[in-house]
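Naming: A, B, ... by sequence-line order, numbering from 1 per chain.
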Amino acid sequence: IAGITQAPTSQILAAGRRMTLRCTQDMRHNAMYWYRQDLGLGLRLIHYSNTAGTTGKGEVPDGYSVSRANTDDFPLTLASAVPSQTSVYFCASRPQASSYNEQFFGPGTRLTVL
Amino acid sequence: GENVEQHPSTLSVQEGDSAVIKCTYSDSASNYFPWYKQELGKRPQLIIDIRSNVGEKKDQRIAVTLNKTAKHFSLHITETQPEDSAVYFCAASRGGGYNKLIFGAGTRLAVHP
């Protein structure tokens, strides 16, 4: 059982390019999340999905989009990357968005935008 | 909006000492408070959590206390060991309905042998 995986592990990207970060979980979790982690700022929520077919904006959604076509996958797209999007990106999932249960994180993607 | 403040940002202790990390939250409807540990280069992982119907929870060397009146909760690590060195994040969320975790900025704990 893989749990929750992310790809790529790391990426260097030219500003202005489009990039999709992939996230897949095999735990049949309903809720999925994307965070960015910057030094001193903790984990900030970008977008979330409470269940397949629905998405919502977190605290820092600008410049990012997501889709949730099925339960397992939750890709994050940067339409036109900018240097301020250099960060470590974590995908996470939890069984339900509406109960007290553990949120599991993926291994992260380190993105550098030049 | 909802906010979680975490202090201190860095903490250095000698092996065997205790470490305490404190968080305050702004949303009085919050009732679920997990703590995550993130080792260098790794993903955050849940180490303990508490719901608002209890004031304290222990798991071996770690404990969490909650004061709902003051809207703060704390992580206590006793008999610290070098492997406790990591970044610790507190978080808070509402229960019921769809809820999201709001994270503190993290505390970097260094345990020196």
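No part of Ile102(B) comes within reach of chain A, as not one of its non-hydrogen atoms sits under 4.5 angstrom from that chain. Contact annotation for Ile4(A): both backbone and side-chain heavy atoms come within less than 4.5 Å of a heavy atom of chain B. For chain B, no part of Glu59(A) is nearby; none of its heavy atoms comes within less than 4.5 Å. Both the backbone and the side chain of Leu43(A) come within less than 4.5 Å of a heavy atom of chain B. Interface remark: Pro34(B) contributes no atoms to any contact with chain A (heavy atom separation under 4.5 Å).
When hydrophobic clusters are built by joining Ile, Leu, Val, Met, Phe, Trp and Tyr residues whose side-chain heavy atoms come closer than 4.5 Å, directly or via intermediates, Leu101(B) is grouped together with Leu45(A). Clustering ILVMFWY residues whenever any of their side-chain heavy atoms sit less than 4.5 angstrom apart, transitively, puts Leu75(B) in the very cluster that holds Leu11(B). Neither Trp35(B) nor Phe103(B) shares a network with the other; the hydrophobic side chains, linked directly or stepwise wherever heavy atoms of I, L, V, M, F, W or Y lie under 4.5 Å apart, form separate groups for each.
A donor-acceptor pair under 3.5 Å links the side-chain atoms of Tyr36(B) to the main chain of Gln103(A), judged by distance alone.
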Inset, instruction - Start with the C-alpha distance between Arg43(B) and Val88(A), add both sets of side-chain angles, then the distance that settles side chain to side chain contact (heavy atoms under 4.5 Å, CB included), and finish with yes or no. - result: CA-CA 10 Å; Arg43(B) 71 190 79 186; Val88(A) 179; over 6 Å; no
Legend entry - Test side chain to side chain contact (heavy atoms under 4.5 Å, CB included) applied to Asp49(B) and Glu102(A), step by step: CA-CA 9 Å; Asp49(B) 58 12; Glu102(A) 181 176 353; 5.9 Å; no
Inset, instruction - Kindly determine whether Phe105(A) and Lys42(B) satisfy side chain to side chain contact (heavy atoms under 4.5 Å, CB included), including the steps that lead there. - result: CA-CA 10 Å; Phe105(A) 285 84; Lys42(B) 301 289 183 62; over 6 Å; no
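Heavy-atom neighbours of Lys22(B) NZ from other residues, nucleotides or ligands within 6.0 Å: at or below the threshold of 12. Heavy-atom neighbours of Arg44(A) CZ from other residues, nucleotides or ligands within 6.0 Å: above the threshold of 12. Annotation for Glu79(B): atom CD does not count as buried by contact number, only 12 or fewer foreign heavy atoms lying within 6.0 Å. Within a 6.0 Å sphere centred on CG of Leu114(A), other residues, nucleotides and ligands contribute more than 12 heavy atoms. Counting non-hydrogen atoms of neighbouring residues, nucleotides and ligands closer than 6.0 angstrom, the CZ atom of Arg61(B) exceeds 12 such neighbours. Within 6.0 Å of CD in Glu83(B) there are more than 12 heavy atoms belonging to other residues, nucleotides or ligands.
No other option in Tyr33(A), Phe104(A), Tyr35(A) has as many heavy-atom pairs under 4.5 Å with chain B as Tyr35(A). The choice from Ala92(A), Gly108(A), Pro107(A) that makes the most heavy-atom pairs within less than 4.5 Å of chain B is Pro107(A). Among Gly42(A), Ala31(A), Gly58(A), the residue with the largest count of heavy-atom pairs under 4.5 Å with chain B is Gly42(A).
Remark: Lys100(B) is positioned above the aromatic ring of Tyr48(A), its terminal NZ or CZ atom under 6.0 angstrom from the ring centre and at most 45 degrees off the axis.
Rounding to the nearest 0.5 Å gives a distance of 4.5 Å between CZ of Phe90(A) and CD of Gln38(B).
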